[in-house]
Structures are given as structure tokens and as C-alpha cells.
Amino acid sequence: MAKRGGSTYDDRKKEILAAVVRSHIATGQPVGSFALARQSTESLSSATIRNICAELEEEGYLTHPHTSAGRIPTDRGYRCYVDGFLGPTKLSRSDAARIRERLLDEESLLNPEVLMERASAVLSQLSGNVGIVVSPSIARDRLNHIEFVKLPDFRILVITVSGAGRVLDRVIRVDEEFGRDELNSTARYLMDNFEGWTLEEIRDELMRRMTEEKALYDRFLRNAVLLCSKSLKEGDEPDVFIEGASNILARPDFVDTEKMRALFRMLEQKSKIVKILNECIESSNVEAVAVRIGREINESDLRNCSVIASRCFYSGGEPAGSIGVVGPTRLEYGRLIGIVEYISRLFEQLAQGSSSVVNSSAPTL
């Protein structure tokens with residue numbers, strides 16, 4: 001932000017920018033100089049404020065829908081506000097209570113898929129926008145149990161249970177016949193050698209062992225390589241839970257039907273959603289919660305949107321899945337950052353088996 005007349009003037013510009021952002025987030029309307037003058041703690045005149053707003057517009061922080069209207073923030077203005085005016089996030093008691101009520105009941109705690117589905121619904125309900133939860137890739141699940149069940153027509157049902165209790169059923173096709181005893185022996189071989197390993201680690205180690213000459217004659221190993229490779233290949237896409245797409249219909253920010261169509265188009269492509277959340281998080285080196293605004297997002301269908309996202313579902317201490325909120329650039333950034341961070345930490349404690357989660361009032365933030 002360009003300076004003129006020292007730090008006092010520059011601070012004044014920042015405060016006016018923040019006032020425009022807050023007012024526009026609250027009302028959805030352009031903000032005029034008279035309204036800003038009434039809010040001014042320095043009793044600035046509307047003419048002075050009008051001049052400062054003009055400078056902020058020249059610098060790319062504000063714009064206006066038409067000549068006679070007040071100002072609204074640009075992507076750059078929102079970014080300045082998020083980086084410079086949002087202190088440590090603090091979740092309200094009511095938001096925390098609603099999250100815990102929905103996510104810490106017995107059904108959610110016993111079934112990871114129910115937990116993820118409800119988490120996306122809670123994100124949507126509390127934000128009034130689109131809530132997204134992406135499960136960990138099965139390749140990063142740590143093996144707690146595996147079972148192979150023979151089916152007709154050269155098909156095998158593969159049942160895996162992760163250390164976090166996630167149960168996955170996948171049907172794979174093979175080119176040769178396997179007997180029931182052979183499948184049971186292969187499952188025991190995997191459990192005896194690799195319990196607690198991730199499926200990805202298991203596959204890599206099996207391939208390494210296959211390079212040893214003596215292993216070429218080990219049928220258990222050969223079967224394990226074949227069945228594990230097929231299982232990962234045919235079931236490695238993460239589950240994506242999306243709730244609240246209908247909320248977009250009620251947002252005045254999407255009265256432009258083309259903007260609304262673009263967002264719906266993106267929400268139909270789950271692989272693209274995973275990519276966007278991952279890019280958003282990976283480009284944020286230090287923040288627990290990543291925020292990407294408008295044209296900062298490398299996806300044309302989201303140029304009028306913001307993404308607030310975080311890692312979750314820790315697997316052996318490594319982040320795997322992710323959660324997020326997608327909505328227009330006019331979002332309650334402070335509140336939604338707090339909600340996303342809270343749910344992410346809640347998942348982390350659940351994945352680590354913390355017994356204090358159910359009894360305490362909140363995760364440690």
C-alpha cells in the first residue's frame with residue numbers, strides 16, 4: 001500500500017479499507033463515504049474519506065460497480081484485510097457447540113464415513129456456503145485388517161480396515177483363479193508382515209522383495225503383490241463429500257447466472273475439487289488454515305470465489321485428507337477460518353484416539 005505523509009496517513013488508509021471490507025461483508029452493498037464518515041473514530045470528513053478511497057481504488061484495493069455507487073473490495077483488498085486485520089481466530093461458544101453436537105455422537109465416532117459426511121454438512125450449515133470434506137487416499141491408510149473374498153467371474157472382494165476404523169470394500173478383477181485357502185493365506189501373510197503399515201508402503205515393499213531372486217518362487221508374495229496392486233489401482237480415488245451447493249442459489253453474489261453455472265460446473269468434478277484444495281493448502285506454507293481469494297485460485301470457474309481450507313485426518317502423524325469452505329469472495333473470513341481450524345483439530349484428535357475429545361468442551365487451538 002503506497003504511503004503519503006508518513007505512517008499515520010498509511011494507517012488511516014488501512015483502517016478505511018478494513019471498514020469498507022467489514023461493511024461490505026455485512027451488507028453486501030457498496031460502501032459510501034458518508035457511511036464511512038459516520039464510522040470514523042477520527043471524525044474524518046466524507047470528502048477526506050472520498051479522496052482516500054480514490055487512492056485505494058487507484059492502488060487496486062477497491063473498486064465500484066458504477067460511477068455513482070460506493071466502493072467494494074477487490075481480491076487484493078480482501079487479501080490485505082485477511083493478512084493484516086484478522087488476529088488469532090476464536091470460535092464462538094454457539095458454533096463450537098453445534099459442531100460438537102453433530103460430530104461427536106456415537107454414530108459419527110464409530111463410522112468415519114458418517115463423520116466425514118456430517119462434517120461437510122456442518123461446514124455448509126455454519127458458513128451458508130459449500131462445505132467440502134476429502135477423505136484420505138486409501139494408499140495412506142494404515143492396515144489393521146485385510147480380507148479377500150472369492151466372487152464369481154474372476155472377481156475378488158477386498159475388505160480393508162484402517163487403524164482409524166475406516167472400512168473399505170472394493171471388488172477387483174483378476175486374470176486367474178484363486179482358491180479360498182489361497183486367499184486366506186495371502187491375507188495372513190500381509191497381516192503377519194505388514195500390520196500397521198500404509199497400503200502404499202506395503203505395495204512398495206512387496207515390489208522391492210519381488211526383485212530378490214528367491215522371492216520369484218514365493219507364491220504368497222506374488223499373490224500379495226498382485227492383489228494389493230489391483231486394490232490400490234482400482235480404489236485409490238479419495239471420497240469427496242460436498243454439501244450446500246443449493247446455498248449458492250440464495251446468495252446475492254451469484255445473481256449472475258454464468259457465475260453460478262461456473263461454480264456448479266466445478267462442484268461436479270470431484271477430482272478437480274481435490275486438486276484445488278491441495279493446491280490451496282500446499283501454497284500456504286505456515287498457516288494452519290489456507291485462504292485463497294478470487295484470482296489467486298488457479299481455476300477459471302472459481303475466479304469469483306474464495307476457498308478456506310485445511311488438512312485433517314492425520315495418518316501416522318501425516319496429513320492426508322482435507323476440509324474446506326467454498327463461497328463468494330464476500331465471506332465472513334475470521335469466523336470461517338475459526339470454524340475450519342476447529343473441525344480440523346477435532347479430526348486430528350479423533351484420529352489420534354484422544355480420549356479427552358468427547359469429554360472436553362473444545363479441542364486445543
- prompt: Is the W197 ring parallel, tilted or perpendicular to the F194 ring (thresholds 30°, 60°)?
  reply: perpendicular
- prompt: Taking atom CD1 of I99 and atom CD1 of I339, what is their separation to the nearest 0.5 Å?
  reply: 5.5 Å
- request: Compare all side-chain heavy atoms of V149 with those of I159 and state whether any distance is below 4.5 angstrom.
  value: yes
Show every donor-acceptor pair shorter than 3.5 Å between a side-chain atom in residues 323-337 and any protein atom, with sequence neighbours excluded, or say none if there are none.
| from | atom 1 | to | atom 2 | distance (Å) |
| --- | --- | --- | --- | --- |
| R330 | NE | D253 | OD2 | 3.0 |
| R330 | NH1 | I25 | O | 2.8 |
| R330 | NH2 | D253 | OD1 | 3.2 |
| E332 | OE2 | R335 | NH1 | 3.3 |
| Y333 | OH | S306 | OG | 2.8 |
| Y333 | OH | T329 | O | 2.5 |
| R335 | NE | D95 | OD2 | 2.9 |
| R335 | NH1 | L126 | O | 2.8 |
| R335 | NH2 | D95 | OD1 | 3.2 |
| R335 | NH2 | L126 | O | 3.0 |

Approximate separation, where rounding is to 0.5 Å, of R292 CZ and L302 CG: 13.5 Å
N/O donor-acceptor pair under 3.5 Å between S120 side chain and E117 backbone: yes
message: Which residue is it: K14, R50, R71, K13? I am looking for the one with a salt bridge (Lys or Arg N to Asp or Glu O under 4.0 Å) to E55.
response: K13
task: Compare every heavy atom of G131 with every heavy atom of S124, then report the nearest pair and how far apart it is.
output: CB-N, 3.8 Å
- line: Only residue of L123, N247, L267 satisfying side chain to side chain contact (heavy atoms under 4.5 Å, CB included) with V130 is L267
message: Assess whether a salt bridge exists between E205 and R208, defined as any Lys/Arg side-chain N lying under 4.0 Å from an Asp/Glu carboxylate O.
response: yes
message: Quick check for you: to the nearest 0.5 Å, what is the distance between E113 atom CD and S135 atom OG?
response: 8.0 Å
- prompt: Is any side-chain heavy atom of Y81 less than 4.5 Å from a side-chain heavy atom of L86?
  reply: yes
Flag side-chain contact, heavy atom, 4.5 Å: R303 against I297: no
task: Output yes when E282 and R311 qualify as a salt bridge under the 4.0 Å nitrogen-oxygen rule, no when they do not.
output: yes
statement: So CG of L143 and CG of L190: to nearest 0.5 Å the spacing works out to 7.0 Å
query: Is it true that the NZ or CZ of R76 lies under 6.0 Å from the centre of Y61's six-membered ring and within 45 degrees of the ring axis?
result: yes
message: Looking at T186, is its backbone amide N or carbonyl O close enough to the side chain of N223 to form a donor-acceptor pair, meaning the two atoms are under 3.5 Å apart?
response: no
query: When you look at L227 and L183, which way does the side chain to side chain contact (heavy atoms under 4.5 Å, CB included) test go after all the steps?
result: CA-CA 9 Å; L227 296 176; L183 292 175; 3.9 Å; yes
Contacts of type side chain to side chain donor-acceptor pair (under 3.5 Å), residue Q125, not counting sequence neighbours: none
Distance in Å, C53 SG paired with L17 CG, rounded so as to fall on 0.5 Å steps: 9.0 Å
query: For L103 and A119, which heavy atoms make the closest approach, and how far apart are they?
result: CD2-N, 3.6 Å
task: Verify, without hydrogens or angle tests, whether T74 (side chain) and G60 (backbone) share a donor-acceptor contact under 3.5 angstrom.
output: yes
- line: Rounded to the nearest 0.5 Å, the CD1 atom of I49 sits from the CD1 atom of I16 at a distance of 5.0 Å
message: Restricting to side chain to side chain donor-acceptor pair (under 3.5 Å), what partner residues turn up for S94, sequence neighbours left out?
response: S92
